[in-house]
Enquirer: 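Can you keep this structure in mind? I'll have questions shortly.
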Amino acid sequence: MVSRIIPVEAFDLIIFGGTGDLARRKILPALFKRFCAGQMPSPSRVIGVARGDLGDAGYRDEVRAALKEHLDVPGDDSAISAFLQQIHYVRVDVLGEDGWQELADMLEPGRIRAFYLSVGPSLFGDIARRLQAAGLADSESRIVVEKPFGHDLDSARALNRELAGYFDEGQIYRIDHYLGKETVQNLMAVRFGNMLFEPLWNAQYVDHIQITVAETVGVGGRGAYYDRAGAMRDMMQNHLMQLLCLIAMEPPAKFDPDAVRDEKLKVIRALEPVQPHHIIRGQYTAADGVKSYREDVGNDRSKTESFIAIKTHVSNWRWAGTPFYLRTGKRLKARDSQITVVFKDAPHSIFGPDSGRHNNELTIQLQPDEGITLDVTIKEPGPGGMRLIDVPLDMSFAEALGPEADAPDAYERLIMDVIRGNQTLFMRNDEVEAAWAWTDPIIKGWEARGDVPKPYDSFTNGPDDASLLIRRDGREWRSIGQ
Ligand code: BG6
């Protein structure tokens, strides 16, 4: 198999927050990798925008340092030096008048322009307004915004209204980087590219679905943001919600942006309100060498959750009665993101009561070690009767595809989609609002009850109550990290 690079037109990518953490960790390394793959044709430029007085040379030094620090395999110095020739810098005061004219003078008329707002959401509106006022936003311009997209439904609506004042919806790219992950897209390929699964993909054959996104990291240096967000706003409302949509949605007629997003929206709108006893919130405690959540965020009375587990339902014909169990948390046992579709038992066992209960499970492993496993029931080898066991039909992408499995990072794909003008993997305004409309009452509920998250030991499965949530229904979570 030969890797195919789809050429893109020359572009100017302008990064507001060009010296910030996300630019250093994700955006610039992703661009460098695309440059090495030949996808940043020579007149293309990356223009960093920030408040400091760096100049091109100073910014290039910063970019070089960021690449060396954050690339898994840093490119050799000559590749980095060649990349840096396409990097520029403009000092702009995003809340004042300084720098906008210089930025305008730099941009090449007629070339694709993408303004990447890698800044806090409180600045989105101001920057969009000033881009318009400076005459920088033409019909070929795109604006890219990072999460968090709002804090609740009202703030998300306000942001959408603000952006809509200056850009058409078709120019706005709301990033949820989970949608750029290779295996997340594979979910659609597996569902809609095979005949095998779709006939069984419904309440009649599926017992339940589990989605787990477990991390070992704590909140790191992001305590101030995280303590206002918590796992619900930071992960559940966006990343897990998107995974749920891709698992539960109806087949879109085409793989095009609105067809896909229409179907995802219907799923979010069909989500039932979550009962208070179907929500478990947790907060990690200190362990050997790591601080507790409250120490990490510097708030010894914090009631913010670093773990959340939820049981919910999608109320439509396909999924009526099928529970969806979702959980995510920090400082868990392992970094492990997986979706498991657990099929029902066969309706009748011809092998008698001693053969035990068996069912099929399809697990989509998102990270690490992307792959797909289908558990099937077979006869235990050997003489002595018909004993059944479950064995995995295991497809690790790394083994099956070799170097082809080396997928680009989510940001590489998403940035190139912005340049190509493909919005399929970005969230639409109504989708984000619907996700908040489902999330808001859940958060308001626990705030009204004065709910305090349950402490859990770091590097475990989270609070014991999360196990009870699913065990009460006679089910078990798939283990984290195996
Ligand atoms: C981000 C969250 O959106 O996703 C972080 O803000 C989280 O808290 C991160 O750690 C997880 O992303 P990934 O790609 O490492 O699974």
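Note that ligands are numbered from 1 as they come in the structure, with each ligand's atoms numbered from 1 the same way.
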Enquirer: Under a 4.0 Å threshold between the charged nitrogen and the carboxylate oxygen, would Glu412 count as salt-bridged to Lys33?
Expert: yes
Enquirer: Is there at least one pair of N or O atoms, one from Tyr226 and one from ligand 1, spaced under 3.5 Å apart?
Expert: no
Enquirer: Identify, by atom number and element, the atoms of ligand 1 in contact range of Lys330, meaning under 4.0 Å from any of its heavy atoms.
Expert: 5 (C), 7 (C), 8 (O), 10 (O)
Enquirer: When you measure from atom 16 (O) of ligand 1 to every protein heavy atom, which one gives the shortest distance, and what is it?
Expert: Tyr178 OH, 2.5 Å
Enquirer: Can you check salt bridge (Lys or Arg N to Asp or Glu O under 4.0 Å) on Asp61 and Arg64, steps first, answer last?
Expert: CA-CA 5 Å; Asp61 287 345; Arg64 184 188 292 275; 5.3 Å; no
Enquirer: Under 4.0 Å from a heavy atom of His239: which atoms of ligand 1 are those, numbered in the order shown and with their elements?
Expert: 1 (C), 3 (O), 4 (O)
Enquirer: Do Tyr225 and ligand 1 have an N or O pair less than 3.5 Å apart?
Expert: no
Enquirer: Mind checking whether His208 and Tyr325 have ring centres under 6.0 Å apart?
Expert: yes
Enquirer: With a heavy-atom distance limit of 4.0 Å, tell me whether Arg335 approaches ligand 1 through its side chain, its backbone, both, or neither.
Expert: side chain
Enquirer: Given Leu22, Asp234, Asp176, identify the one with the heavy atom nearest to atom 8 (O) of ligand 1.
Expert: Asp234
Enquirer: Are more than 12 heavy atoms, taken from residues, nucleotides or ligands other than Asp464, located less than 6.0 Å from that residue's CG atom?
Expert: no
Enquirer: For atom 14 (O) of ligand 1, what's the nearest protein heavy atom and its distance?
Expert: Lys181 NZ, 2.6 Å
Enquirer: Checking a contact table here: which protein heavy atom is nearest atom 12 (O) of ligand 1, and how many Å away?
Expert: His177 NE2, 3.1 Å
Enquirer: May I ask you to list the atoms of ligand 1 that are less than 4.0 angstrom from any heavy atom of Gln367?
Expert: 13 (P), 16 (O)
Enquirer: I need the nearest protein heavy-atom contact for atom 9 (C) of ligand 1: residue, atom name and distance, please.
Expert: Glu215 OE2, 4.0 Å
Enquirer: Distance under 4.0 Å to a non-hydrogen atom of Lys147: what atoms of ligand 1 satisfy this?
Expert: 1 (C), 2 (C), 3 (O), 6 (O)
Enquirer: If you count the non-hydrogen atoms of other residues, nucleotides and ligands that lie under 6.0 Å from NZ in Lys291, is the total more than 12?
Expert: no
Enquirer: Test salt bridge (Lys or Arg N to Asp or Glu O under 4.0 Å) on Glu250 and Arg318 and set out the steps.
Expert: CA-CA 9 Å; Glu250 296 300 318; Arg318 186 189 280 262; 2.8 Å; yes
Enquirer: Between Tyr89 and Gly52, is there a donor-acceptor pair closer than 3.5 Å when you use the side chain of the first and the backbone of the second?
Expert: yes
Enquirer: Can you confirm if the NZ or CZ of Lys147 lies within 45° of the ring axis of Phe149 and under 6.0 Å from the centre of its six-membered ring?
Expert: no
